2 protein chains.
Amino acid sequence: MASLDRSLIAGLGPFDSLTPEALDQVLARARSARYAKDSSVFEENAEAHSFFLLLDGRIRVVRTTPHGDQVIARYIGDGELFGIAAAIGRTTYPATAMCAVDCVVLAWPTEAWADLAARFPSFAGSTFRTIGNRLQETQSRVVEMATEQVGQRVALAVLRLVRQAGRKTPEGLEIDFPISRQDIAEMTGTTLHTVSRLLSAWEDEGIVKSARQKITVIDPHRLMVISEHRAGA
Amino acid sequence: MASLDRSLIAGLGPFDSLTPEALDQVLARARSARYAKDSSVFEENAEAHSFFLLLDGRIRVVRTTPHGDQVIARYIGDGELFGIAAAIGRTTYPATAMCAVDCVVLAWPTEAWADLAARFPSFAGSTFRTIGNRLQETQSRVVEMATEQVGQRVALAVLRLVRQAGRKTPEGLEIDFPISRQDIAEMTGTTLHTVSRLLSAWEDEGIVKSARQKITVIDPHRLMVISEHRAGA
DNA sequence: CGGGCTTTTGAGTTAAATCAACAGCAGTGG
DNA sequence: CCACTGCTGTTGATTTAACTCAAAAGCCCG
């Protein structure tokens, strides 16, 4: 099996400031894999055998309730770690990782975590910072859900997606992976119907432009205003 | 100044499995402090000069929105770490820590974190596990807010409080610190009116018993049923 | 070109918020 | 000791944001 090239991960957040030798050592424990769009990298509650780095693609992290409702916890972009249950002492994955597009990932066996963390403190530190940021961000979503109404929450979600995955086009900032009304509903705790109505209204006002599984933000500033002001004009 | 006795922290989660000498070294960097009920240990967005362990009391972690709404992120019980912004590389506190009752805390200067974490890996590990658990739990709250209705969310919140802070009394399980309808509303993203109506209804059914700032769960099982079944009987 | 998704839009319903008023208890100070 | 004041909680009436129900239209792929 050909060994992985260190340029794959050099300069990525978690491996920033590692020497070339260190990068090789880290990669020696990893295997790479491709996953097709709509396949899952791991499933909620499954044994956490590995942790992952997304090299290319976009991953949707989803939790399912006993009643069958799905909630999207977050989207993972390239260069980000995911499935890092091991780092926090869990033995199962807390959510399912679905590929929103075809994905390429690196995977390390869970057993390698302690060793890598000990040998490369900057890697461990970066991982914990990631977890901390996600805690922060999740906390913010609780606050949002508790205090903002649906229109504001959807506006915030779209803005967040654009910030994370926005691609400049002649028309505006386009979210660079396929995303449905249903997906946005699952991110914001509402229904696809409500999301559809909101996006239609915003499209009439020239704030966004949307097609099947595609959203382009034309006027981010006005979307921000909507996300802040309770009851918009 | 009298030095702190190691029995204060021996056996507490974060310091479990440290030797007596190690405990003394950890304590050498700490100071202890008391805070009166309704005072704050630290404020949201303030410089994170210290991290804390709650020795005795109960602390409410609160975030305030730009619009002035408050949301209770969690309650901290004795033996738990809090204000551990440093561990995740933050320089400010993400929320305010209010004392629900008179509290006694240990405080370490933020600068001590890296050193303590390096010297006592089990302490670092326990801290990260705490953060991981809180991420998990916060994630669950997002799911709840997105999928359950108010009655179920309030039932879940009360059950969580009872599990965390329940004291057995002849009548049932009493939450061992003062908690208002408003507090529960801020935990569940609803209004004190709705909470009041729910508790009154449950009291009529003999599921809970409540007085001013006091809630006793008489029939936890039926409360669990309410928390699970959409639309209750 | 047919069948299955995704999206849109309308109509009706409802859970929970808001608006409003009052009741009860607890601590304060005369 | 009692009256006053301020919080905390209760309860009713009304409103409304968003969900549910329903149907149809558009698009994509096999």
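We name chains A, B, ... by the order of the sequence lines, and we start the count at 1 in each one. Remember, it's a predicted structure, so these values are computed and weren't measured experimentally.
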Student: May I have the distance from A:Leu192 (atom CG) to D:dA22 (atom C1'), rounded to whole angstrom?
Tutor: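 A:Leu192 atom CG is separated from D:dA22 atom C1' by 13 Å.
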Student: Looking at A:Thr110 and A:Ser50, would you say the former's side chain and the latter's main chain have a donor-acceptor pair under 3.5 Å?
Tutor: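 Indeed, once roles are kept as given, a pair shorter than 3.5 Å links the two residues.
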Student: At what distance, to the nearest 0.5 angstrom, does CD of A:Glu43 lie from OG1 of A:Thr92?
Tutor: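 Result: 13.0 Å between the selected atoms.
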Student: Rounded to whole Å, please give me the gap between CD1 in B:Ile215 and P in D:dT8.
Tutor: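 Taking CD1 of B:Ile215 and P of D:dT8, I get 14 Å after rounding.
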Student: Who passes ring pair (Phe, Tyr, Trp, His ring centres under 6.0 Å) against A:Phe51, sequence neighbours left out?
Tutor: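 With neighbours one apart ignored, the set is A:Trp108, A:Trp113.
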Student: Among D:dT11, C:dA16, D:dT8, find the nucleotide with the atom closest to the side chain of B:Ser196.
Tutor: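 Out of D:dT11, C:dA16, D:dT8, the nucleotide with an atom closest to B:Ser196's side chain is D:dT11.
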Student: Produce the list of close N/O pairs, under 3.5 Å, pairing protein atoms with atoms of nucleotides 17-19 of chain C; give distances to one decimal.
Tutor:
from, atom 1, to, atom 2, distance (Å)
C:dA17, OP1, B:Thr190, OG1, 2.9
C:dA17, OP2, B:Thr190, OG1, 2.9
C:dA17, OP2, B:Thr191, OG1, 3.4
C:dA17, OP2, B:Thr194, OG1, 2.3
C:dT18, O4, B:Arg197, NH2, 3.2

Student: Does C:dT9 have its OP1 or OP2 closer than 4.0 Å to a side-chain nitrogen or oxygen of A:Ser200?
Tutor: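 Looking at the OP1 and OP2 atoms of C:dT9, one of them is under 4.0 Å from a side-chain N or O of A:Ser200.
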Student: Starting at CH2 of B:Trp202 and ending at C1' of D:dT11, how long is that distance when rounded to a whole Å?
Tutor: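 Result: 17 Å.
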Student: For B:His221, does the NE2 atom have more than 12 heavy-atom neighbours from other residues, nucleotides or ligands under 6.0 Å away?
Tutor: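 No, because the 6.0 Å sphere around NE2 of B:His221 holds 12 heavy atoms or fewer from other groups.
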Student: Measure the CG-CG distance between A:Leu8 and A:Asp56 for me, rounded to the nearest 0.5 Å.
Tutor: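 Rounded to the nearest 0.5 Å, the CG-CG separation comes out at 10.5 Å.
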Student: Taking atom P of C:dA16 as reference, at what distance in whole Å does atom CD of B:Gln149 sit?
Tutor: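 It works out to 5 Å between those atoms.
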Student: C:dC5 P sits how many Å from A:Lys37 NZ, rounded?
Tutor: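 Distance, rounded to whole Å: 14 Å.
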Student: Applying side chain to side chain donor-acceptor pair (under 3.5 Å), run through A:Thr96 and A:Arg60 and close with a yes or a no.
Tutor: CA-CA 8 Å; A:Thr96 296; A:Arg60 184 169 58 233; over 6 Å; no
Student: Counting any heavy atom closer than 4.0 Å, what does A:Leu199 reach on the DNA or RNA strands: base, sugar-phosphate only, or nothing?
Tutor: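 No contact at all - A:Leu199 keeps every heavy atom at 4.0 Å or more from the nucleic acid.
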Student: Within this structure, what is the CD1-to-C1' distance between A:Ile179 and C:dT7, rounded to whole angstrom?
Tutor: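 To the nearest whole Å, that distance equals 15 Å.
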Student: Polar-atom pairs under 3.5 Å, protein N or O versus N or O of nucleotides 22-28 of chain C: list them with distances, or write none.
Tutor:
from, atom 1, to, atom 2, distance (Å)
C:dG24, N2, B:Arg212, NH1, 3.1

Student: Quick one: A:Glu148 CD to C:dA16 C1', roughly how many Å, whole number?
Tutor: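 Between C1' of C:dA16 and CD of A:Glu148: 18 Å.
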Student: Does B:Ile175 offer a backbone N or O that forms a donor-acceptor pair with the side chain of B:Arg167 under 3.5 Å?
Tutor: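 Not a single qualifying donor-acceptor pair exists.
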Student: Using whole Å, report how far CD of A:Gln182 lies from P of C:dC5.
Tutor: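 Computing the A:Gln182:CD to C:dC5:P distance gives 13 Å.
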Student: When you measure from the side chain of A:Thr190 to the backbone of A:Glu186, do you find a donor-acceptor pair of N or O atoms at a distance under 3.5 Å?
Tutor: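 Not a single qualifying donor-acceptor pair exists.
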Student: Using modelled atom types and a 3.5 Å cut-off, is there a donor and acceptor pairing between side-chain atoms of A:Glu80 and backbone atoms of A:Gly77?
Tutor: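 Yes, A:Glu80 side chain to A:Gly77 backbone: donor-acceptor pair under 3.5 Å.
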